[in-house]
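Shown next, in C-alpha cells, is the structure this report addresses.
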Amino acid sequence: MMKKSSKRNEEKILKELLKDSKAKKAYEAFDDEYNVRMMLIKARKKENITQKELSDITGLSQQMISRVETGSTDTTLKTLMKYLKGIGYDIRLSKINY
C-alpha cells in the first residue's frame, strides 16, 4: 500500500507535469483510453464471458481480445463493434460540456 507522503509527491509531480499543454493532452488521451478499456473488461466480466468465449462468439482471436483490453494495439472501429456485440453491448454517444 502506498504511503500518504508518496501519494502526495506523485500528485505534486503530476500537477507540475500537466502544466505543459502537450503533456496534459497526452495524459488525458491515455486516461480516456484506459477508462474505455476498463469499461470493456468490466462489461465482459459482468456478462460472465471469458476472453476465449468471446473469441468463439466474435471470430476475433483471443490474442486480439487481450490486445484490445490491454491497449497494446490500436483497435479499429470494426473490431470494437465485434467485441461489443459479442458481449451484448453497443455504443451510445453523449454530448460533453467543456
Side-chain angles (χ1 to χ4, degrees):
M1 185 169 195
M2 190 179 298
K3 293 181 182 179
K4 284 187 179 184
S5 62
S6 178
K7 182 139 177 85
R8 273 189 252 128
N9 287 339
E10 285 182 8
E11 289 170 355
K12 286 169 75 174
I13 292 168
L14 179 60
K15 187 175 180 179
E16 188 63 32
L17 287 172
L18 294 180
K19 288 180 181 178
D20 177 69
S21 62
K22 287 182 182 179
K24 185 175 181 178
K25 282 184 181 182
Y27 177 80
E28 288 171 349
F30 172 79
D31 195 41
D32 289 342
E33 291 173 17
Y34 176 81
N35 288 332
V36 169
R37 289 192 310 271
M38 292 303 103
M39 286 189 292
L40 291 173
I41 294 167
K42 185 176 179 181
R44 177 178 58 77
K45 288 183 175 183
K46 181 179 179 184
E47 299 303 319
N48 294 313
I49 299 173
T50 66
Q51 287 184 348
K52 174 68 173 112
E53 290 168 333
L54 185 55
S55 173
D56 294 340
I57 293 166
T58 63
L60 298 170
S61 69
Q62 187 274 325
Q63 292 83 2
M64 177 55 76
I65 291 166
S66 177
R67 289 182 192 126
V68 168
E69 293 181 352
T70 61
S72 63
T73 188
D74 285 333
T75 304
T76 65
L77 184 56
K78 185 177 180 177
T79 299
L80 179 60
M81 294 308 296
K82 281 184 178 183
Y83 183 107
L84 289 170
K85 286 181 181 181
I87 61 171
Y89 285 70
D90 64 9
I91 294 177
R92 302 279 179 210
L93 299 177
S94 60
K95 182 162 177 50
I96 54 175
N97 298 313
Y98 290 100

### Query
For Q63, which residues count as a side-chain hydrogen bond (donor to acceptor under 3.5 Å, both in side chains) partner, sequence neighbours excluded?
none
### Summary
Connected to V68, directly or through other members, by ILVMFWY side-chain contacts below 4.5 Å are V36, M39, L40, I49, L54, I57, L60, M64, I65, L77, L80, M81, Y83, L84, I87, Y89, I91, L93
### Query
Which value, rounded to the nearest 0.5 Å, describes the distance between K42 atom NZ and E47 atom CD?
12.5 Å
### Message
Restricting to non-hydrogen atoms, name the atom on E69 and the atom on R44 that form the minimum distance, rounded to 0.1 Å.
### Response
OE2-NE, 2.6 Å
### Message
For residues 76-98, which residue pairs pass the salt bridge (charged side-chain N to carboxylate O under 4.0 Å, His left out) check, not counting sequence neighbours?
### Response
D90-R92
### Query
How long is the span from the CZ atom in R37 to the CG atom in D32, to the nearest 0.5 Å?
10.5 Å
### Task
Please name all residues satisfying side-chain hydrogen bond (donor to acceptor under 3.5 Å, both in side chains) with T73, sequence neighbours left out, ordered by chain then number.
none
Identify each donor-acceptor pair in which a side-chain atom of residues 13-20 lies under 3.5 Å from a protein atom, sequence neighbours left out, and give them as a table.
| unit_1 | atom_1 | unit_2 | atom_2 | d |
| --- | --- | --- | --- | --- |
| E16 | OE1 | K19 | NZ | 3.2 |
| D20 | OD2 | K22 | N | 3.4 |
| D20 | OD2 | A23 | N | 2.9 |

## Note on the structure
K52 meets the side-chain hydrogen bond (donor to acceptor under 3.5 Å, both in side chains) criterion, sequence neighbours left out, with D56
